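Since the structure is predicted, the reported quantities are computational estimates derived from the model, not experimental observations.
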Amino acid sequence: MESCLREEQEQGFATTGPYLAFAQRVLRSRERLVELLNQLADDGHRVVGYGASAKGNTMLNFCA
């Protein structure tokens with residue numbers, strides 16, 4: 001247990017830095033996905049989702 005905590009501290013998980021960086025990557029991924037879906041719709045394509053319904057719904061709610 002102590003070795004895990006020490007490793008987390010060494011990797012910076014005791015600070016907000018890694019979490020803020022992750023949040024920025026998530027927001028950028030959302031922007032890129034929405035841009036892609038809008039472009040596909042503008043080009044007359046349809047997007048269909050299949051499987052992983054809970055994860056898919058979480059993603060759709062976040063992107064809406």
Side-chain angles (χ1 to χ4, degrees):
M1 177 74 168
E2 289 179 29
S3 65
C4 289
L5 292 173
R6 186 172 39 256
E7 186 176 334
E8 288 178 359
Q9 288 178 341
E10 289 171 359
Q11 293 181 12
F13 292 122
T15 66
T16 59
Y19 304 101
L20 294 173
F22 175 72
Q24 289 301 314
R25 290 193 309 273
V26 168
L27 292 174
R28 182 62 189 136
S29 292
R30 177 176 65 178
E31 290 172 8
R32 291 176 59 207
L33 177 61
V34 170
E35 288 171 7
L36 173 63
L37 293 174
N38 285 332
Q39 185 61 50
L40 290 170
D42 290 345
D43 292 345
H45 297 283
R46 282 195 263 175
V47 176
V48 177
Y50 179 79
S53 60
K55 293 176 185 175
N57 281 327
T58 299
M59 182 186 64
L60 289 174
N61 284 324
F62 178 66
C63 291

Subject >> side chain to side chain contact (heavy atoms under 4.5 Å, CB included) evaluation trace for S3 with R6 >> reply: CA-CA 5 Å; S3 65; R6 186 172 39 256; 3.8 Å; yes

Which value, rounded to the nearest 0.5 Å, describes the distance between [X] atom [atom1] and [Y] atom [atom2]?
X: Q9; Y: T15; atom1: CD; atom2: OG1; result: 10.5 Å
X: E8; Y: E10; atom1: CD; atom2: CD; result: 10.5 Å
X: C63; Y: E31; atom1: SG; atom2: CD; result: 10.5 Å

Subject >> Connected via hydrophobic side-chain network under 4.5 Å: L36 and V47 >> reply: yes

Original post:
Are V34 and V26 in one and the same hydrophobic cluster, where Ile, Leu, Val, Met, Phe, Trp and Tyr link if side-chain heavy atoms are under 4.5 Å apart?
Top reply: no

**OP:** Report yes if the side chains of R46 and L40 come closer than 4.5 Å at any heavy-atom pair, otherwise no.
**Re:** no

Original post:
Are side-chain heavy atoms of L5 and F13 found at a separation under 4.5 Å?
Top reply: no

Subject >> Any side-chain donor near an acceptor of the partner, Q39 and E35, under 3.5 Å >> reply: no

Subject >> Worked check of side chain to side chain contact (heavy atoms under 4.5 Å, CB included) between L27 and F62 >> reply: CA-CA 10 Å; L27 292 174; F62 178 66; 4.0 Å; yes

**OP:** Assess whether atom CD of Q11 is packed by more than 12 heavy atoms of other residues, nucleotides or ligands within 6.0 Å.
**Re:** yes

